[in-house]
Structures are given as structure tokens and as C-alpha cells.
Amino acid sequence: MQSHSTQTVTQAPMIDPFGRAITYLRVSVTDRCDFRCTYCMSEHMTFLPRQNLLSLEELDRLCTTFIDKGVRKIRLTGGEPLVRKNILHLIKNLSRHLEAERLDELTLTTNGSQLERYAQELAACGVKRINVSLDTLDAVKFKTITRWGDLNQVLRGIDAAQQAGLQIKINAVALKGFNDLEIPDMLRWAHGRGMDMTLIETMPMGEIDLDRTDQYLPLSMLRASLARQFTMTDIPYQTGGPARYVRLAETGGRLGFITPMTHNFCESCNRVRITCTGTLYMCLGQEDAADLREPLRASPDNDLLSAVIDEAILRKPKGHDFIIDRRNNRPAVSRHMSVTGG
Ligand code: SAM
Ligand code: SF4
């Protein structure tokens, strides 16, 4: 893959109709994955045809256009970003924007399965922090929840990432009757290794094989039970994401809560998402989208693409409204989390 220019293009920053500046882009580089987490996918998922995917060069061009338009942070996600073929080429190429100080952070969210192989190279590309999704430390439960995953492989990946100097945040989806009782031990483990941890509420995205009502655990409830074991103090720590953090006196570590269900965090939303086929989603919880693949391919310069992005940002909605209960037991949006990467 060839290197592209870092030439600074001055364009108007992206401001949505509610005055929010868009500075954070999440890129789902593939919808495929080597796991089948029960809350994320059904076991027999239909993936997008490979010929519909943007090439790595096209993804680079899209990311660069967003950087030209004021994006300062890019997170690669998926599906599993590290199973996309030659993904390191894209990461290496995007790292030129870090060197040119046009980008503050290049990061990724991963299930950790490929970290043992890639950790060193990621660090060499200027990646400083990564999120690793891990819902349990019990090998049998890990197999149950991921269907195809191997806990030891992920733990080796975490070791390798720490050895490479990457800071890690552990993300766990809170699942009723599955990992709620284990969270205190996971917190002690994560904090003992110098890793932050964030808990996420399960969101109604895409059809899965299970009933989400059975899995959904409001974090307000989990927080109340954690407060019986830990002394939690709210802290103003921010990573540019929607988590609200506390510090635990007993471990000294940070715990974040991402509460899309019980609290809308949309007021401060600074992000948009693109899929591996070049669809721009202005909100994780809404269906409205804009196709960027056609304008990207229609012209070698970025004017048309930029105009389509501007028009889409003007449609960014105020927020989402997820509901999970017995009467509303349908996905709020039809696409799976693996399409837009959370
Ligand atoms: N495969 C990578 C991973 O698991 O980290 C990146 C993509 S995954 C879709 C991103 C995050 O979304 C993971 O932390 C995962 O646990 C979370 N996730 C997936 N489906 C979800 C859902 N329905 N509700 C809440 N979080 C979900
Ligand atoms: Fe794959 Fe991540 Fe979804 Fe699990 S949560 S199936 S690892 S994309």
C-alpha cells in the first residue's frame, strides 16, 4: 500500500445542528470476527460480501478526509479489527498523521485474540492505548459467551500488549446472571495490573439468538452492589468517550460506566462512525446513514466526498433512545454492533 500525503487541508470544522464539534471517528474495518459473542452476533452470521468492502487505501483516504475536517481521534474497530487482512498497513499509514500532529490519538478496540502477534507493531506505529473486550476471567464461561474464543490466547495477548508498553482498558459488558458476581474480582485483577476497566450496558442492536431481556443488567444496579464492596469517588477523568469514571479507594484504579440505556450520554457526543463499506452513521442508535463509497469512488479529489459528509453531519440527531423490556424486545436498530463497532 502506498503512503499518502500529510498535506494539511484547511476545511471548515464539522459542527452538527446541536453545536457539537465532530472530532472523533470510529472506523469498523471489517464486520467479520473470530468470536461469536452471544450478545453481539448470532452463531451463523451473514457477513457483508467481500467485494463490497472498501480497500485499505480507500479507508485511508476516508480517514484522512475526516482528519482534514477536524477529526483528532480515530478508533479502529469491527468486527475484530485485527482479523482484517493487512490491517497493519492501514495503521502504519495512518500513523503519519500522528507524526504530523494532525491526529492526537490512533487506537483500537479488540477482542485481544491477535494481540500476541501484533502488539509490538502496534506500539511501533504510535498506538499508545487500546481497549480489550473481556467479559469474564473464567475459561469455561469465556467459551460460553464468545462461543469460539480461547481465554488463554487473550490473556497472552494482554501480556504481550503490556510488554510492548501499550496501556490497556478492559471493557466488559455487564450481563445479568453471567458476570455480575465476578466483576469485583475482575476489577481487582485489572487494577492490580495497572489497567482501567469499563462496564457497558448491553444494547439492543441486531437480531441475536438469545433474549436480550434475560441479559440486560442496568449499571445503576451493578454500581449499587459494587458500592457495598468498594469506596467509589467520582472523578472528572475523560478519554473522549462516553464513560463516566470513579476511582476505587481499595484498588486505586479507575472504573468507567457506559450507560447508553439508563442515562443518555448524547449531549456531549463528538463522534461519527464509518463501516467497512463506507457507510457513515451519525448515531450508534439510529438508522439514518450516508453512503460515502460512491462519492469516494466518483472523483479522485475529495470535494464531492467532503460535501456529502457536510450534508450528513447536518442530519446528526440529538440522541438515541434504547429500550429493553418485555414489551420492547426488538432491536432498536437492525444492524449488529459488529457493523459499526460500538
Ligand atoms: N471485536 C472487538 C471487540 O470485541 O472488542 C471490537 C468490536 S465489538 C462490536 C466492540 C465492543 O462492543 C465490545 O466491547 C463488545 O463487548 C461491545 N458490544 C457488542 N455488542 C454489544 C451490545 N449489543 N451491547 C453492548 N455492547 C456490545
Ligand atoms: Fe466479535 Fe467483538 Fe462482537 Fe465479540 S463483541 S463477536 S469479539 S465483534
Side-chain angles (χ1 to χ4, degrees), residues 26-45 47-48 75-84 87 107-115 118 129-136 142-151 153-154 157-158 161 168-176 178-179 186 196-219 222 241-243 256-262 265 271 273-276 281 284-285 320 322-324 329-342:
R26 300 179 64 119
V27 186
S28 175
V29 295
T30 175
D31 65 329
R32 287 163 198 261
C33 189
D34 52 346
F35 291 2
R36 291 287 181 280
C37 301
T38 56
Y39 51 80
C40 178
M41 296 187 182
S42 66
E43 185 154 17
H44 304 287
M45 279 289 283
F47 293 109
L48 295 163
R75 177 178 298 280
L76 304 183
T77 172
E80 174 46 43
L82 295 179
V83 302
R84 171 90 197 238
I87 188 64
T107 183
L108 62 156
T109 297
T110 172
N111 65 23
S113 68
Q114 309 301 313
L115 272 180
Y118 286 131
R129 306 184 308 159
I130 56 172
N131 290 352
V132 178
S133 304
L134 180 63
D135 303 319
T136 175
F142 187 82
K143 182 66 90 186
T144 308
I145 200 76
T146 62
R147 292 193 182 103
W148 295 1
D150 171 5
L151 177 66
Q153 191 180 337
V154 172
I158 290 175
I168 299 180
K169 178 161 74 74
I170 299 291
N171 280 347
V173 177
L175 298 162
K176 189 165 68 185
F178 177 77
N179 60 3
M186 289 187 74
D196 290 344
M197 185 161 163
T198 295
L199 298 170
I200 310 173
E201 286 173 342
T202 164
M203 298 172 229
M205 298 190 62
E207 292 288 355
I208 53 171
D209 302 329
L210 309 177
D211 183 341
R212 285 191 201 275
T213 333
D214 295 335
Q215 301 183 310
Y216 173 54
L217 173 63
L219 284 187
L222 185 53
F257 294 93
I258 301 187
T259 53
M261 305 296 301
T262 47
F265 47 47
R271 77 208 55 190
R273 296 169 164 84
I274 47 179
T275 69
C276 55
Y281 283 98
L284 179 64
H320 67 257
F322 287 141
I323 306 173
I324 297 182
N329 200 11
R330 303 274 317 140
V333 290
S334 56
R335 64 186 185 276
H336 290 86
M337 189 70 104
S338 48
V339 173
T340 36

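Just so you know, ligand 1 is whichever comes first in the structure, and atom 1 is the first atom listed for that ligand.
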**Asked** Considering only heavy atoms of Phe35, which atoms of ligand 2 have at least one such atom less than 4.0 Å away?
**Response** 6 (S), 7 (S)

**Message:** Minimum distance, heavy atoms only, to atom 1 (N) of ligand 1: which one of Gly79, Ser28, Ala172, Gly112 is it?
**Reply:** Gly79

**Within-cut-off N or O pair, Asp135 and ligand 1, under 3.5 Å** = no

**Asked** Which ligand 1 atoms are under 4.0 Å away from a heavy-atom of Thr77?
**Response** 6 (C), 7 (C)

**Request:** Run down the list Ser133, Ala174, Gly149, Pro81 and name the one with the heavy atom closest to atom 11 (C) of ligand 1.
**Result:** Ser133

**Numbering as shown, the atoms of ligand 1 that approach Val173 to under 4.0 Å (heavy-atom distance)** = 16 (O), 26 (N)

**Request:** Return yes if a side-chain donor-acceptor contact under 3.5 Å exists between Thr109 and Arg75, otherwise no.
**Result:** yes

**Item:** Partner of Asn111 under side-chain hydrogen bond (donor to acceptor under 3.5 Å, both in side chains), chosen from Asp34, Asn171, Thr146
**Value:** Asp34

**Asked** N/O/S atom of Cys40 under 2.8 Å from atom 1 (Fe) of ligand 2, yes or no?
**Response** no

**Asked** Side chains of Glu80 and Ser113: do they bring a donor and an acceptor to under 3.5 Å?
**Response** no

**Message:** For a 4.5 angstrom cut-off between non-hydrogen side-chain atoms, does Thr110 reach Thr77?
**Reply:** no

**Asked** So do Arg147 and Cys37 actually touch side chain to side chain, heavy atoms under 4.5 Å?
**Response** no

**Numbering as shown, the atoms of ligand 1 that approach Cys40 to under 4.0 Å (heavy-atom distance)** = 19 (C), 20 (N)

**Message:** Residue-level breakdown please: for Thr109 versus ligand 1, do any non-hydrogen atoms fall below 4.0 Å on the side chain, on the backbone, on both, or on neither?
**Reply:** both

**Prompt:** How far is atom 6 (S) of ligand 2 from its nearest protein heavy atom, and which residue and atom is that?
**Reply:** Cys37 N, 3.2 Å

**Request:** Side-chain contact test, heavy atoms from C-beta onward, threshold under 4.5 Å: evaluate it for Thr275 versus Tyr281 and give yes or no.
**Result:** yes

**Prompt:** Is there a donor-acceptor contact under 3.5 Å from the side chain of Lys169 to the main chain of Ile130?
**Reply:** no

**Asked** Is it the side chain (CB and beyond), the backbone, both or neither of Asn131 that lies under 4.0 Å from ligand 1, heavy atoms counted?
**Response** neither

**Message:** Under 4.0 Å, counting heavy atoms only: does Ser133 come that close to any atom of ligand 2?
**Reply:** no

**Message:** Under 4.0 Å from a heavy atom of Gly78: which atoms of ligand 1 are those, numbered in the order shown and with their elements?
**Reply:** 7 (C), 9 (C)

**Message:** Side chain or backbone, does Tyr39 bring an N or O within less than 3.5 Å of an N or O on ligand 1?
**Reply:** yes

**Prompt:** Out of curiosity, is Met41 lining ligand 1, as in a heavy atom under 4.0 Å away?
**Reply:** no

**Item:** side-chain contact (heavy atoms from CB on, under 4.5 Å) assessment of Leu134 paired with Ile158
**Value:** CA-CA 10 Å; Leu134 180 63; Ile158 290 175; 4.2 Å; yes

**Asked** Do any N or O atoms from the side chain of Arg36 and from the backbone of Ile145 form a donor-acceptor pair under 3.5 angstrom?
**Response** no

**Message:** Counting non-hydrogen protein atoms only, what is the nearest one to atom 1 (Fe) of ligand 2? Give residue, atom name and distance.
**Reply:** Cys33 SG, 2.3 Å

**Prompt:** Is any side-chain heavy atom of Gln153 closer than 4.5 Å to a side-chain heavy atom of Gln114?
**Reply:** yes

